[in-house]
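To start, the structure under review is shown below, and the notes come after it.
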Amino acid sequence: MLRKILFYFTLALILFVTLFPLYWVVTTSMKTMRDAFAMPPVWLFSPTLENYGKILTNPAFLKGFANSLVISVTASVLAIVVAAFAAYGIVQQGPARRRSIEGFVLSLRIAPAILFVIPTYYLSMRLGLLNSHGLLIAVYAFINIPFAISLLVTFFEEVPREMREAGLMDGAGELRVFWHIVLPVVRGGLVATLILCVLFTWNEFFIALVLSGRDTQTLPVTITSFLTFQGIEWGALTAAATLIMLPMIILGMLVQGTVVRGMAAGSVKG
Amino acid sequence: MHPISRNPTRLFYQPVIGFLALAAFALLGYALWLCLHNIYLMGTKGTQFVGLQNFVRLATDWRGLQALWRTALFVALATSAEVVLGIAIALFLDKEFRGKKLVRAVILVPMIMTPVIAGLTWRFLFNAQSGMINYWLSTVGIAPVDWLGNPNVALYAVLVADIWQWTPFVVLLAMATLETIPKDLVEAARMDGASEIRVIWHVILPMLRRTLAVAALIRAIDSVKAFDLFYIMTKGGPALSTETQNLYGYTVAFTNFDISYAMTIALFLTIVTNIALLLLNRFAMPKGVR
């Protein structure tokens with residue numbers, strides 16, 4: 001009995017520490033200025049949507065939202081299309097060739113972003129591309145491709161070899177087999193990978209900070225511009241923060257099992 | 001003989017991998033070219049070849065060396081804390097109880113929370129005047145600490161945020177492996193009268209070794225690159241006390257616009273990281289993991 005109480009107590013503590021920061025942001029976004037800074041903190045308060053009204057009429061925030069949406073979805077869809085072909089091809093190769101290709105793909109994922117962000121910045125500056133959506137979409141697609149390949153490979157592996165062989169025996173070409181037989185089987189994996197690409201692109205900050213211009217700022221950059229020296233407006237800031245992260249937390253929940261699998265893909269089996 | 005491989009499946013990946021390889025090598029070549037020149041966007045001097053001058057400058061750059069040391073410290077502390085805590089929590093949760101699915105979902109939240117928002121939130125919690133951390137400390141009679149304003153503690157405040165955000169990754173990875181461990185083996189050891197600690201140490205942990213090594217490696221690589229939390233919470237300050245090599249490279253490139261020198265820092269960081277990982281892989285990893 002005592003063991004059980006101890007177990008649930010520790011469990012509650014773990015969950016509390018995990019969720020408290022999230023809880024605090026969301027509740028602060030629904031507090032009035034006075035409640036937000038009350039010391040000792042107020043646990044019971046009458047919620048207000050005033051902060052959301054403020055942020056949803058802020059043109060910079062709306063612009064950032066549109067940019068984030070367009071850039072993350074386009075770059076992810078592009079990456080998935082390309083990566084699906086590559087992953088299918090890689091899975092069909094012998095073990096030695098597979099290992100070397102997957103090793104190369106993994107090394108692309110490991111390289112620090114700053115290594116290619118500086119040359120890309122300098123080059124695009126000289127070409128006058130620093131304020132274009134195309135640049136960010138291309139860069140994010142380029143980053144998402146290696147990630148999507150390693151994750152998709154794990155889904156393509158699970159397709160029974162006999163299915164593909166049966167298709168080839170029936171005289172279907174490799175492209176038809178890929179399109180009509182294998183792709184429908186991995187549909188779930190494709191969707192999960194797409195969602196994860198959107199999630200990572202949406203959340204990404206460093207590249208966006210360097211390579212986005214006035215018209216192409218994504219939300220993580222937009223929200224840092226609210227951190228002004230005149231003092232931080234925490235109410236509006238936390239409302240914006242909630243609107244930025246909540247869609248991603250919902251998306252992440254939809255593909256729960258795949259998040260960790262995706263981050264470890266390509267390195268767990270080595 | 002055959003300009004195009006006879007195996008048609010190769011055509012599925014060759015264009016993509018070929019393009020990626022080409023782009024990677026072109027960028028690396030361009031990066032090297034930048035390192036060997038003196039591109040400085042605030043000056044009026046033309047671009048000149050300067051040889052290894054940037055590397056010499058880096059070797060004697062006290063600020064850069066301190067940033068490198070700080071990066072090593074942060075990576076070591078973050079990785080070890082996350083792996084130890086992660087494995088402990090995973091072992092703790094490795095039993096059947098109601099709501100396990102929900103617990104697993106909750107644990108995922110920090111990982112998928114936008115890192116910039118996580119940084120803002122922790123900055124908020126660590127706030128010296130109105131932050132919750134100081135409030136809780138005050139309830140047990142501890143004087144307020146200026147977490148993000150004191151050069152001696154700011155790095156550890158960022159560390160706490162990083163541990164909060166990334167321990168879940170280790171927990172979930174270890175939980176997934178624990179579920180594949182044959183339960184009868186563990187039961188047999190318990191039946192033999194082995195204490196719980198011995199069962200964990202001698203039966204369960206050896207089977208988790210590979211997963212732990214992978215988790216540690218991934219966390220180490222990611223914490224070398226850590227940027228978002230630092231940028232939001234401290235921006236390298238106060239008094240440069242939280243400036244890591246990655247952040248220093250960023251500042252040199254995009255505040256001072258000293259492109260060539262920043263490139264040198266970035267390249268150096270990549271090389272040092274790779275050497276460290278190779279050594280770690282060669283000497284510290286348990287056999288069979290490689």
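As a basis for the values below, the full set of heavy atoms in this structure was taken, side chains included, without hydrogen atoms, waters or symmetry mates. We name chains A, B, ... by the order of the sequence lines, and we start the count at 1 in each one. These numbers come from a predicted model, not from an experiment.
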### Message
Only pairs of heavy atoms separated by less than 4.5 Å count here; which of B:Leu41, B:Asn127, B:Thr273 has the most with chain A?
### Response
B:Leu41
### Task
Rounded to the nearest 0.5 Å, what's the gap from CD1 on A:Ile118 to OH on B:Tyr261? Could you check?
12.0 Å
### Query
Do B:Leu173 and A:Met263 touch side chain to side chain, with heavy atoms closer than 4.5 Å?
no
### Query
Looking at side-chain heavy atoms only, is the closest gap between A:Leu219 and B:Thr114 below 4.5 Å?
no
### Query
Should B:Leu120 and A:Thr238 be marked as a side-chain contact (heavy atoms from CB on, under 4.5 Å) after you check the CA-CA gap, both sets of side-chain angles, and the distance that decides it?
CA-CA 9 Å; B:Leu120 276 174; A:Thr238 47; over 6 Å; no
### Task
Might you point out which heavy atoms bring B:Ile218 and A:Ala264 nearest each other, and give the distance in Å?
CD1-CA, 3.7 Å
### Task
Determine whether B:Leu172 and A:Gln256 make a side-chain contact, defined as any pair of heavy atoms from C-beta on separated by less than 4.5 Å.
no
### Message
So for A:Val105, is it side chain, backbone, both, or neither that comes closer than 4.5 Å to the heavy atoms of chain B?
### Response
side chain
### Side chain, backbone, both or neither of B:Ile221 within contact of chain A (heavy atoms, under 4.5 Å)
side chain
### Engaged part of A:Ala83 at the chain B interface, taking heavy atoms whose separation is under 4.5 Å
neither
### Query
Taking only residues two or more places apart in sequence, or in another chain, which ones meet B:Glu179 in a side chain to side chain contact (heavy atoms under 4.5 Å, CB included)?
B:Lys100, B:Arg104
## Note on the structure
d(A:Phe156 CZ, B:Phe12 CZ) to nearest 0.5 Å is 9.5 Å
### Task
Determine the option with the most heavy-atom pairs under 4.5 angstrom with chain A, choosing from B:Pro110, B:Pro15, B:Ala105.
B:Ala105
## Note on the structure
When the 4.5 angstrom heavy-atom criterion is applied to B:Ile265 and chain A, the contacting part is neither
### Query
Which of residues 7-14 of chain A get closer than 4.5 angstrom to chain B, counting heavy atoms alone?
A:Phe7, A:Tyr8, A:Thr10, A:Leu11, A:Ile14
### Message
Under 4.5 Å from any heavy atom of chain B, what part of A:Ile145 do you find: side chain, backbone, both or neither?
### Response
side chain
### Top contributor to chain A contacts, counting heavy-atom pairs under 4.5 Å, from B:Phe97, B:Tyr231, B:Trp164
B:Trp164
### Summary
Applying a strict 4.5 Å limit to non-hydrogen atoms, the region of A:Leu251 in contact with chain B is neither
### Task
Side-chain contact test, heavy atoms from C-beta onward, threshold under 4.5 Å: evaluate it for B:Tyr13 versus A:Gln93 and give yes or no.
yes
Please tabulate, for side-chain N and O atoms in residues 19-40 of chain B, each donor-acceptor pair with protein atoms closer than 3.5 Å (sequence neighbours left out).
{"from": "B:His37", "atom 1": "ND1", "to": "B:Trp33", "atom 2": "O", "distance (Å)": "2.7"}
{"from": "B:Asn38", "atom 1": "OD1", "to": "B:Gln48", "atom 2": "N", "distance (Å)": "2.7"}

### Query
Between A:Phe206 and chain B, which part of the residue has a heavy atom less than 4.5 Å away: side chain, backbone, both or neither?
both
### Query
Does a sphere of radius 6.0 Å around CH2 in B:Trp136 hold more than 12 heavy atoms from other residues, nucleotides or ligands, not counting ones at 6.0 Å or beyond?
yes
#### Entry: Engaged part of B:Ala253 at the chain A interface, taking heavy atoms whose separation is under 4.5 Å
side chain
### Message
Using heavy-atom distances under 4.5 Å, tell me whether A:Thr18 contacts chain B through its side chain, its backbone, both, or neither.
### Response
both
### Task
Count the heavy atoms belonging to other residues, nucleotides or ligands that lie under 6.0 Å from NZ of B:Lys101, then report whether that count exceeds 12.
no
### Task
Keeping the roles fixed (side chain from B:Trp122, backbone from A:Pro21), state whether a donor-acceptor pair exists under 3.5 Å.
no
### Task
Indicate whether the side chain of A:Glu174 and that of B:Thr9 have a donor and an acceptor atom separated by less than 3.5 Å.
no
### Query
Using non-hydrogen atoms only, which part of B:Ile232 is less than 4.5 Å away from chain A: side chain, backbone, both, or neither?
side chain
### Query
About how many Å separate OG1 of B:Thr121 and OH of A:Tyr23, when rounded to the nearest 0.5 Å?
14.0 Å
### Task
Find the distance between CD1 (A:Ile249) and CG (B:Leu108) and round it off to the nearest 0.5 Å.
9.0 Å
## Note on the structure
Residue from A:Ile101, A:Leu175, A:Leu22, A:Val82 scoring the most non-hydrogen pairs under 4.5 Å with chain B is A:Ile101
### Summary
Honestly, the part of B:Phe124 sitting under 4.5 Å from a heavy atom of chain A is both
### Message
Going by salt bridge (Lys or Arg N to Asp or Glu O under 4.0 Å), name the pairs with one or both residues in residues 246-261 of chain B, residues two or more places apart or in two chains.
### Response
B:Arg57-B:Asp258
### Message
Checking B:Phe257 against A:Met125 for the side-chain contact (heavy atoms from CB on, under 4.5 Å) test, could you report, in this order, the C-alpha distance in whole Å, the side-chain angles of both residues, the deciding distance, and whether it holds?
### Response
CA-CA 12 Å; B:Phe257 292 104; A:Met125 187 196 72; over 6 Å; no
### Message
A:Val210 vs B:Tyr250, test: side-chain contact (heavy atoms from CB on, under 4.5 Å). Steps then yes/no.
### Response
CA-CA 9 Å; A:Val210 175; B:Tyr250 170 82; 3.8 Å; yes
### Task
Pick whichever of A:Ala240, A:Pro119, A:Gly252 has the most heavy-atom pairs under 4.5 Å with chain B.
A:Pro119
### Query
When heavy-atom pairs shorter than 4.5 Å are enumerated against chain B, which of A:Glu204, A:Met248, A:Met245 gives the highest number?
A:Met245
### Query
Atom CG of A:Leu209 and atom CG of B:Asp228: how far apart are they, to the nearest 0.5 Å?
9.0 Å
### Message
For a side-chain contact (heavy atoms from CB on, under 4.5 Å) check, start with the C-alpha distance between A:Asn203 and B:Met113, then their side-chain angles and the critical distance, and finish with the verdict.
### Response
CA-CA 8 Å; A:Asn203 283 351; B:Met113 188 165 171; over 6 Å; no
### Query
Atom CD1 in B:Ile117, atom CD1 in A:Ile223: separation rounded to 0.5 Å?
4.0 Å
### Query
Side chain, backbone, both or neither: which part of A:Leu115 has a heavy atom under 4.5 Å from chain B?
both
### Query
Does B:Lys225 reach the main-chain N or O of A:Ile114 with its side chain, forming a donor-acceptor pair under 3.5 Å?
no
